[in-house]
Amino acid sequence: MATLWDVKAKLLSIRPAAFEPEWYLEPWFNPAVCEYYVANAVEIVPTAIRWGQGKPFCCHLNSLEHASTHPGSVPYWGMQYLEWAPVYGQEVAASWEVHSIAVEPDGTVIDSGEYVPAKTRYVMVPWSWQLHDLLTKGMERRPYDR
């Protein structure tokens with residue numbers, strides 16, 4: 001069975017960066033989700049990105065709502081790599097973060113992120129009822145309830 005370390009190894013092989021804290025990632029990545037993600041996640045290479053779409057701080061809901069109202073659009077869940085330009089002359093560490101997007105038939109990514117990073121990458125799986133069921137097994141306590 002895959003673990004959070006296997007998820008991180010997959011992502012680090014694509015791009016080295018920091019991760020969100022373990023206490024935040026662990027409820028998202030229970031062992032069943034880790035196994036599913038490591039086996040099925042793919043890098044999404046957008047043809048374009050439309051930023052700031054949907055409600056702020058609601059990326060999972062935004063991706064599902066967008067896909068449900070735009071035929072052919074597919075919602076995705078997984079990890080996003082973010083690399084930022086320096087802020088006030090100070091370097092900002094690149095990071096991998098839990099995120100959701102929608103992808104249009106032409107490859108355009110619909111991303112609810114309000115701040116545009118210098119570089120981004122997406123390694124994700126399509127939302128499905130199977131993914132939903134796997135995720136809910138780890139969400140007895142949501143990450144932000146701690």
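For the numbers below, each heavy atom of this structure counts, side chains included, while hydrogens, waters and symmetry mates do not.
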Which residues satisfy the salt bridge (Lys or Arg N to Asp or Glu O under 4.0 Å) test with Glu83, sequence neighbours excluded?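 Only Arg15, Lys119 meet the salt bridge (Lys or Arg N to Asp or Glu O under 4.0 Å) criterion with Glu83.
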About how many Å separate [atom2] of [Y] and [atom1] of [X], when rounded to the nearest 0.5 Å?
X      : Y      : atom1 : atom2 : answer
Ser100 : Met124 : OG    : CE    : 6.0 Å
Leu25  : Asn30  : CG    : CG    : 12.5 Å
Glu97  : Glu20  : CD    : CD    : 4.5 Å
Leu11  : Ser95  : CG    : OG    : 11.5 Å
Thr120 : Asp111 : OG1   : CG    : 6.5 Å

Do [X] and [Y] make a side-chain contact, defined as non-hydrogen atoms from C-beta onward lying under 4.5 Å apart?
X      : Y      : value
Tyr36  : Leu135 : no
Tyr37  : Val123 : yes
Lys8   : Trp96  : no
Ile101 : Gln80  : no
Val98  : His60  : yes
Val33  : Trp77  : yes

Which pair of non-hydrogen atoms, one from [X] and one from [Y], has the smallest distance, and what is that distance?
X      : Y      : answer
Pro126 : Leu131 : O-CD2, 3.8 Å
Ser112 : Cys58  : OG-C, 4.5 Å
Pro16  : Tyr81  : O-CE1, 4.0 Å
Glu104 : Ser73  : OE2-OG, 3.1 Å
Met1   : Pro31  : SD-O, 3.3 Å
Ser63  : Pro75  : O-CB, 3.6 Å

Would a hydrophobic clustering, with Ile, Leu, Val, Met, Phe, Trp and Tyr connected at side-chain separations under 4.5 Å, put [X] with [Y]?
X      : Y      : result
Ile14  : Val125 : yes
Val87  : Tyr115 : yes
Ile110 : Leu64  : no
Leu134 : Val7   : yes
Val116 : Leu82  : no

Name the orientation class of the two ring planes belonging to Tyr24 and Trp28 (parallel below 30°, tilted from 30 to 60°, perpendicular beyond 60°). tilted
Check for me whether the distance between the ring centres of Tyr122 and Tyr76 falls short of 6.0 Å.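 No, too far apart.
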Side-chain donor/acceptor of Asp6 to backbone N/O of Thr3, under 3.5 Å: yes
In short, side-chain hydrogen bond (donor to acceptor under 3.5 Å, both in side chains) pairs touching residues 42-53 with sequence neighbours left out are Glu43-Arg121
Evaluate side-chain contact (heavy atoms from CB on, under 4.5 Å) for Lys10 paired with Met79, printing each intermediate quantity in order. CA-CA 11 Å; Lys10 179 182 184 90; Met79 297 292 282; over 6 Å; no
